[in-house]
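From a predicted model like this one, the values you see are computed outputs, not experimental measurements. First the proteins, then the strands, lettered A, B, ... as listed; each starts at 1. Side chains are part of it too, since the values below use all heavy atoms of this structure and drop only hydrogens, waters and symmetry mates.
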Protein chains: 2
Amino acid sequence: MREREIVDAALRVFAQRGYHAAVVDEIADHAGISKPMVYLYLGSKENLFVACVRRSSQALVTAFREAADSGDAPELRLWRGLSAFFAFVAEDRDSWVMLHRQAPEQSEAITAELEQARESVMREVADLVRRGIDEGGADDRLGEVDVDFVAQALVGAADSLTDWMEQHPQEAPERVALRLMNMIWIGMRDVLGGEMWSPPQE
Amino acid sequence: MREREIVDAALRVFAQRGYHAAVVDEIADHAGISKPMVYLYLGSKENLFVACVRRSSQALVTAFREAADSGDAPELRLWRGLSAFFAFVAEDRDSWVMLHRQAPEQSEAITAELEQARESVMREVADLVRRGIDEGGADDRLGEVDVDFVAQALVGAADSLTDWMEQHPQEAPERVALRLMNMIWIGMRDVLGGEMWSPPQE
DNA sequence: GACTAATCTTACTTTCCAGTAAGTCTACTT
DNA sequence: AAGTAGACTTACTGGAAAGTAAGATTAGTC
């Protein structure tokens, strides 16, 4: 299908050059057609970019969701979701570059698209964190605010660790996810258990 | 000094609009002068952007470094550094937006500038993590690879938590830093102590 | 009060590229 | 073989904004 081919080409070019440096003519070349065809199928450059972001973000969200959607314990589900995320990034780096580096700057429509995807994942993560806490049986020392905090930190750490992963290509996605789980989950659980660090009084 | 005023104006406009949507004429207006003056002092639009990034990143790195540069225990230093980071973000949001949202997409020169600043902080954080481990007395179960991992996750979490902070403006920077310390530091320490999570065997 | 040096502006040129009008080519129909 | 519909291209237009040439304004000097 033509549209798909065009989006494929656009994804590569956008990921490599960024939105503004990417020229529609070059995208058309990559797709093996001429510029007006791009406009016939996708309407405008911005719309084309949105199509790329949408496709990539949906693929990512779906990958995470399906991996995390078993009936098992929350921490296991979270680990699977994170593994799927790291696997996605390792496999389809263009998509990740697009979502992570290129898209944030752009216009309303694009930011909205991206925000929605991120929020969607964040909700899912927050949910797993919440269940993890409830299940632990500790008397809910963490409220909603804290759950959001943990989710935000976790997602941010995962984002950033994609760079680390790039420098350690021998490390399998599941192992990266495991490292992260150990860092975050244990800490969270133990804080719930009453263990806390605080600065000395002056 | 003229140059400083121009950079001030540019920072505001770039942070609000992004590099491409920002028009040099508008920056000149904000600085109360006309466009050719901007070119006289800064040479080109890109150079102007680089000047902004450089100034903001230096301010941020300095804030972190000075806060973390006491002779105290590593964890206390780390906490102070993080507090300074969150305080900086809360206070000078334009700079943070610039560094966090606008700059990543741009050209070589800019990415290099930014990368250097990030790396510089990352090294410092990694160093504190390493000392924290050594001091804990545990027999170095974490190697350099692990230290880098923790540092990367920590910095990424902090980046991302600036968004959380924006939604919880009543939370003081030190409290945000404290939350993060509790999440990461305790987890890391306990993992060192041998506590580990791993997925069940199938 | 003419001279000149520094500072600044108006108004222009240039380049680049998104978007499009008009026409060509191919393949299929009758 | 003439007609026509769909897919596609060449070659253009329009506009936006980076960068600049040339001149105006101000202030300080003799």
Side-chain angles (χ1 to χ4, degrees), chain A residues 1-55 98 101-114, chain B residues 1-55 97-98 101-113:
Chain A
M1 183 196 185
R2 260 296 119 94
E3 188 167 324
R4 207 200 116 88
E5 287 172 18
I6 297 173
V7 173
D8 286 345
L11 183 63
R12 281 175 57 199
V13 177
F14 281 138
Q16 199 187 342
R17 298 230 192 290
Y19 182 77
H20 289 279
V23 172
V24 178
D25 269 313
E26 189 185 350
I27 293 169
D29 275 5
H30 271 259
I33 55 175
S34 68
K35 188 164 59 160
M37 282 292 97
V38 175
Y39 282 90
L40 181 63
Y41 281 93
L42 272 304
S44 72
K45 185 184 184 184
E46 177 168 6
N47 203 56
L48 174 55
F49 192 82
V50 170
C52 293
V53 169
R54 181 169 295 152
R55 202 181 68 177
M98 184 92 171
R101 304 227 112 85
Q102 310 302 354
E105 188 227 358
Q106 303 312 322
S107 71
E108 287 306 297
I110 293 163
T111 312
E113 193 71 35
L114 210 66
Chain B
M1 185 195 185
R2 259 296 120 94
E3 189 167 323
R4 206 201 118 86
E5 287 172 16
I6 297 173
V7 173
D8 285 345
L11 183 63
R12 282 174 56 197
V13 177
F14 281 137
Q16 199 187 342
R17 298 230 193 290
Y19 182 76
H20 289 280
V23 173
V24 178
D25 268 314
E26 189 185 351
I27 293 170
D29 275 4
H30 271 261
I33 55 176
S34 68
K35 188 166 58 163
M37 281 294 98
V38 175
Y39 283 90
L40 181 64
Y41 281 93
L42 273 305
S44 73
K45 186 183 181 182
E46 177 168 5
N47 203 56
L48 174 55
F49 192 83
V50 171
C52 292
V53 169
R54 182 169 295 152
R55 203 181 67 178
V97 168
M98 184 91 172
R101 302 228 113 85
Q102 311 303 354
E105 187 227 356
Q106 302 314 320
S107 72
E108 286 307 295
I110 293 164
T111 310
E113 193 70 37

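Taking 4.5 Å as the limit, every side-chain heavy atom of F14(B) sits out of range of all side-chain heavy atoms of V53(B). You'll find the side chain of R17(A) stays beyond 4.5 Å of the side chain of Q102(A), heavy atoms only.
Extent of DNA chain D lying under 4.0 Å from chain A heavy atoms, first and last nucleotide in 5' to 3' order, is dC8(D) to dT10(D).
The stretch residues 28-37 of chain B touches DNA chain C through I33(B), S34(B), P36(B), M37(B), each having a heavy atom within less than 4.0 Å of the strand. Shown for residues 2-14 of chain B: no residue has heavy atoms falling under 4.0 angstrom of DNA chain D.
Between the OH atom of Y19(A) and the P atom of dC17(C) there is a distance of 13 Å, given to the nearest Å. Separating the NE2 atom of H20(B) from the P atom of dC17(C) is a distance of 11 Å, rounded to the nearest angstrom. The nearest whole Å value for the distance from the CD1 atom in I27(A) to the P atom in dC17(C) is 12 Å. Straight-line distance from the OH atom of Y39(B) to the C1' atom of dT13(C): 14 Å, rounded to whole Å. Rounding to whole angstrom units, CG of residue D25(A) and C1' of dC17(C) are separated by 8 Å.
Residue pairs satisfying the salt bridge (Lys or Arg N to Asp or Glu O under 4.0 Å) criterion with at least one member in residues 3-13 of chain A, sequence neighbours excluded, are listed as follows: R2(A)-E5(A), R4(A)-D8(A), D8(A)-R55(A).
Smallest separation of non-hydrogen atoms from A51(B) and V7(B): CB-CG2, 4.3 Å.
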For residues 40-48 of chain B, tabulate all N or O donor-acceptor pairs below 3.5 Å that involve a side-chain atom, not counting sequence neighbours.
| from | atom 1 | to | atom 2 | distance (Å) |
| --- | --- | --- | --- | --- |
| S44(B) | OG | N47(B) | N | 3.1 |
| K45(B) | NZ | Y19(B) | O | 2.9 |
| K45(B) | NZ | A22(B) | O | 2.8 |
| E46(B) | OE2 | S107(B) | OG | 2.5 |
| N47(B) | ND2 | L42(B) | O | 2.8 |

Anything under 3.5 Å between a donor and an acceptor, one on a side chain of residues 27-38 of chain B, the other on a protein residue two or more places apart or in another chain? List them.
none

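Note that the CZ atom of F49(B) and the CG atom of L11(B) stand 9.5 Å from one another [nearest 0.5 Å].
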